[in-house]
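All heavy atoms count here, side chains included; hydrogens, waters and symmetry mates do not.
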Amino acid sequence: MRVRFAPSPTGRLHLGGARTALFNWAFARRHGGRFVLRVEDTDRARNTEESLTSILDSLRWLGLDWDEGPEVGGEHGPYFQSERQGRHREALERGLREGWLYRCFVPLDEVRAQREAARAAKGNWRFDPGSRELDPREAERRAAAGEPHVVRMRVPEGERLVIHDHVRGEVTFDSSEVEDWVVARADGVPTYNFACALDDADMAVTHVIRGEEHLVNTPKQMLVRRFLGLPEPEYAHVPLILGADGRKLSKRTGDTAVEDYRARGYPPEALFNFLALLGFSIDDKTTLFSPDELVRHFELGRIQKGGAVFDPVKLDWMAGEYLRATPTDELARRVLPWMQEAGLVPDEPSAADLERLERVAGAFRERLTLYGELPERARFLYEEVEPDAKAAQALAAPGVAELLQDLLAALEERSEWPPADLPGLVREVAAGRGAKPGAVMKPLRAALTGTLGGPELVEVLDLLGRERSLARLRRALATGARNG
RNA sequence: GGCCCCAUCGUCUAGCCCGGCCUAGGACACCAGGUUUUCAUCCUGGCGACAGGGGUUCGAAUCCCCUUGGGGUCACCA
């Protein structure tokens, strides 16, 4: 079995595209087939090299490796559509010769006018009889003379075109609804539906798994293959990913590029899992699963028919699940680039830097959703920070100065660091002034971390070290005195 | 508007193909408790859906029809 993902390098990899690629990949892996990547780069004006690089990077980041395509080659190449034009033109000429294609000299704006008129009449534009019935020899003569024109398909009338779709069942189109679509543009370059139909067949693609927006393209592609006597693949049109507004996911609703999620520090496993769960399910209970598990259970028939709304909140939950499940040393590795970016860890970290980072990562693992969140949370462990509003308030509360003073004194007496029984110590200090332990813990945390949340205080004391911890307490005391 | 597709908790979904086991299951979110020195994690409980109407049948979320609603697509882009 052979499947393909065919992105056009006109932008970054979209969540929708990523999921289509993922389904194709899962299907190939499930059945021991081949996952082919074909680059549809026939739109010269919009193609960019960066887009291609970015798309390939995103696929790799998600763990979707391809068996044939750019950078890996294969027996059914070339894998850039632009390099397959010889074959496309050959088919074009054959179509013209056999009469199922014809040259159309009607100017673009006139075709548009016809279409609008048809629509205004609540109908469907199909073709312009004038150009469709033009004598072929006359057409060739005008073409040879350099008259601008496109090539259209002479779409047959009244034929039922039945798509056998693994997710939708049978979908039937009447060929009378299909217009005489443009097969080659004025510059001679074949259009998508023509090139795609040909390439899929030539690449021996057996299953076309793609977004539902392509469902309406299918009759055109079927016609191409039928005229050419090429085999027809099986289909699976997967539902769209929708935004919160219920419409096809777009930039308006939020980040749509895989790279955006990567940059924000989502674990790739989480995005993979989440995307797989959009329109697919293994069973009635399984929510968290690995690529291997997906592969073991993947079936086209289990793909949902209706569109799925992308829920960033659930994605975040899942990201947290994966992050928490990551072993500490691995977590430290993953988080490193963000810490370096924030300037908290040097570009060339020492062994001590890395060891400390691992401890920091361990201390925060239960509190993080994304890798990218660590720098701001853990900054206080690396630099002096100003207390936030709530911490400042806790520090300025009445009686706090005395309690902190007592605690500081008690701490200074200890040689052991961090003090093993911090809670006991805190209790003592509090009791000494008839206060509750919380009255000490809270300002201590505020003085040390600048916030009211975070890892256990013993851990913080340890990570900060004796000198820094005591210094921060003293500083808080001094500031408190000035404010009070 | 034409054509095509779709329709279970707010969201992702199981169940539907092969009617009874469904007083419709799970997850996210939300709400209420509990654990915890904070935050978070974790645990327990709760809230909450078969779009509507007709059939078929002893029996329908499951089959059929209609209505309604939503979406996709109508490029010399892919």
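The distance from atom CD1 of A/I303 to atom C1' of B/U13 is 14 Å, rounded to the nearest whole Å. B/U13 atom P lies 16 Å from atom CG of A/L288, rounded to whole Å. Taking atom NZ of A/K220 as the reference point, atom C1' of B/C3 lies 11 Å away to the nearest angstrom. Distance CG (A/D388) to C1' (B/U38): 12 Å, rounded to an integer number of Å. For the pair A/L294 CG and B/U13 P, the computed distance is 14 Å after rounding to whole Å.
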With ring-ring contact (aromatic ring centres under 6.0 Å, His included) as the criterion, how do A/F298 and A/F23 come out once you've worked through the C-alpha distance, each side chain's angles and the decisive distance to 0.1 Å?
CA-CA 8 Å; A/F298 191 75; A/F23 283 172; 5.5 Å; yes
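Side chain to side chain, A/N193 and A/T191 fail the donor-acceptor criterion of an N or O pair below 3.5 Å. A/D41 and A/S82 form a side-chain donor-acceptor contact under 3.5 Å, judged by distance and modelled atom types alone.
Toward the 5' end of RNA chain B, the nearer of the two residues A/K122 and A/F173, judged by each one's closest nucleotide, is A/K122.
Annotation: B/G2 and B/C66 have their P atoms spaced 16 Å apart (nearest Å). A gap of 6 Å separates the C1' atoms of B/U8 and B/A49, to the nearest Å. Rounded to whole Å, the C1' atom of B/G15 lies 23 Å from the corresponding atom of B/G55. Comparing the C1' positions of B/G48 and B/U11 gives an interatomic distance of 12 Å, to the nearest angstrom. Straight-line distance between the P atoms of B/G26 and B/G19: roughly 25 Å, to the nearest whole Å. Comparing the C1' positions of B/G69 and B/G53 gives an interatomic distance of 14 Å, to the nearest angstrom. Annotation: B/U13 and B/G54 have their P atoms spaced 30 Å apart (nearest Å). Between B/U67 and B/C28, the two P atoms lie 40 Å apart (nearest whole Å).
Residue pairs meeting the salt bridge (charged side-chain N to carboxylate O under 4.0 Å, His left out) criterion with at least one member in residues 106-119 of chain A, sequence neighbours excluded: A/R115-A/E179. Legend: ring pair (Phe, Tyr, Trp, His ring centres under 6.0 Å) pairs involving residues 145-172 of chain A, not counting sequence neighbours, sorted by first then second residue: A/F105-A/H149, A/H166-A/H207.
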What N/O pairs connect the protein and nucleotides 10-12 of chain B at under 3.5 Å? Give each pair on its own line.
from  : atom 1 : to     : atom 2 : distance (Å)
B/C12 : OP1    : A/V309 : N      : 2.8
B/C12 : O2'    : A/L277 : O      : 2.9
B/C12 : O2     : A/K314 : NZ     : 3.3

What N/O pairs connect the protein and nucleotides 64-66 of chain B at under 3.5 Å? Give each pair on its own line.
none

Please write out each protein N/O paired with an N/O of nucleotides 19-24 of chain B under 3.5 Å, distance rounded to 0.1 Å.
none

Are there any protein N/O atoms within less than 3.5 Å of an N/O atom in nucleotides 33-37 of chain B, and if so, which ones and at what distance?
from  : atom 1 : to     : atom 2 : distance (Å)
B/U37 : O4     : A/E456 : OE1    : 3.3

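Partner assigned to B/A24 is none, using Watson-Crick or G-U wobble distances below 3.5 angstrom. For B/C31, the paired nucleotide is B/G45, the pair qualifying as Watson-Crick or G-U wobble because both relevant distances are below 3.5 Å. Checking B/U62 for Watson-Crick or G-U wobble geometry (two distances, each under 3.5 Å) identifies no partner in any strand. Pairing partner, B/A7: B/U68, with both Watson-Crick or wobble hydrogen-bond distances short of 3.5 Å.
The residue A/R210 sits apart from the nucleic acid: no heavy atom pair falls under 4.0 Å. In this structure, A/E116 reaches neither bases nor backbone, as no heavy-atom distance under 4.0 Å exists between it and the strands shown. When heavy atoms are screened at a 4.0 angstrom cut-off, A/L215 is found touching the sugar-phosphate backbone but no base atom. If you check every strand for non-hydrogen atoms under 4.0 Å, A/T449 touches nothing. Across all strands shown, A/F364 has no heavy atoms under 4.0 Å from either base or sugar-phosphate atoms.
Note that OH of A/Y102 and CE of A/M153 are 10.5 Å apart. Values are rounded to the nearest 0.5 Å.
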In B/S/- notation, 5' to 3', how is nucleotides 72-78 of chain B contacted by protein heavy atoms closer than 4.0 Å?
BSBSBBB
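A salt bridge is absent between A/E40 and A/R4; no separation between the charged side-chain nitrogens and carboxylate oxygens falls under 4.0 Å. Ion pairing between A/E140 and A/R103 holds under the 4.0 Å rule for side-chain N and carboxylate O. Taking a cutoff of 4.0 Å between a charged side-chain nitrogen and a carboxylate oxygen, A/D283 and A/K285 do not qualify as a salt bridge.
Partners of A/P129 by side chain to side chain contact (heavy atoms under 4.5 Å, CB included), not counting sequence neighbours, listed by chain and number: A/F127, A/E133.
In this structure the side chain of A/R334 reaches within 4.5 angstrom of the side chain of A/P268, judged on heavy atoms.
Taking both residues in full, the closest heavy atoms of A/M318 and A/L277 are given as CE-CD2, 3.9 Å, listed atom of the first, atom of the second, then distance. Nearest approach of A/A118 to A/W125, heavy atoms of both residues: CB-N, 3.7 Å.
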Scan the side chains in residues 385-394 of chain A for donor-acceptor partners under 3.5 Å anywhere in the protein, sequence neighbours excluded, and list what turns up.
from   : atom 1 : to     : atom 2 : distance (Å)
A/E386 : OE2    : A/R475 : NH2    : 2.8
A/D388 : OD1    : A/K390 : N      : 3.2
A/D388 : OD1    : A/A391 : N      : 2.8

Check: residues 447-455 of chain A side-chain donor-acceptor pairs under 3.5 Å, at least two apart:
from   : atom 1 : to     : atom 2 : distance (Å)
A/T449 : OG1    : A/R445 : O      : 2.9
A/T449 : OG1    : A/T451 : N      : 3.0
A/T449 : OG1    : A/T451 : O      : 3.0
A/T449 : OG1    : A/T451 : OG1    : 3.3
A/T451 : OG1    : A/G453 : N      : 3.2
A/T451 : OG1    : A/G453 : O      : 3.1

Review item, side-chain donor-acceptor pairs of residues 209-216 of chain A, under 3.5 Å, at least two apart:
from   : atom 1 : to     : atom 2 : distance (Å)
A/R210 : NH1    : A/T218 : OG1    : 3.2
A/R210 : NH1    : A/H237 : NE2    : 3.2
A/R210 : NH2    : A/Q221 : OE1    : 3.2
A/H214 : ND1    : A/Y192 : OH     : 3.3
A/H214 : ND1    : A/N217 : ND2    : 3.2

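Among A/F289, A/F310, A/Y266, A/F280, the single residue meeting the ring-ring contact (aromatic ring centres under 6.0 Å, His included) criterion with A/F274 is A/F310.
Geometrically, A/R379 does not engage A/Y382 in a cation-pi contact, judged by NZ or CZ lying under 6.0 Å from the ring centre and within 45° of the ring axis.
Between A/Q304 and the phosphate of B/C6, there is no side-chain N or O to OP1/OP2 separation shorter than 4.0 Å.
Listed in residue order, the members of residues 365-376 of chain A having a heavy atom less than 4.0 Å from RNA chain B are A/E366, A/R367.
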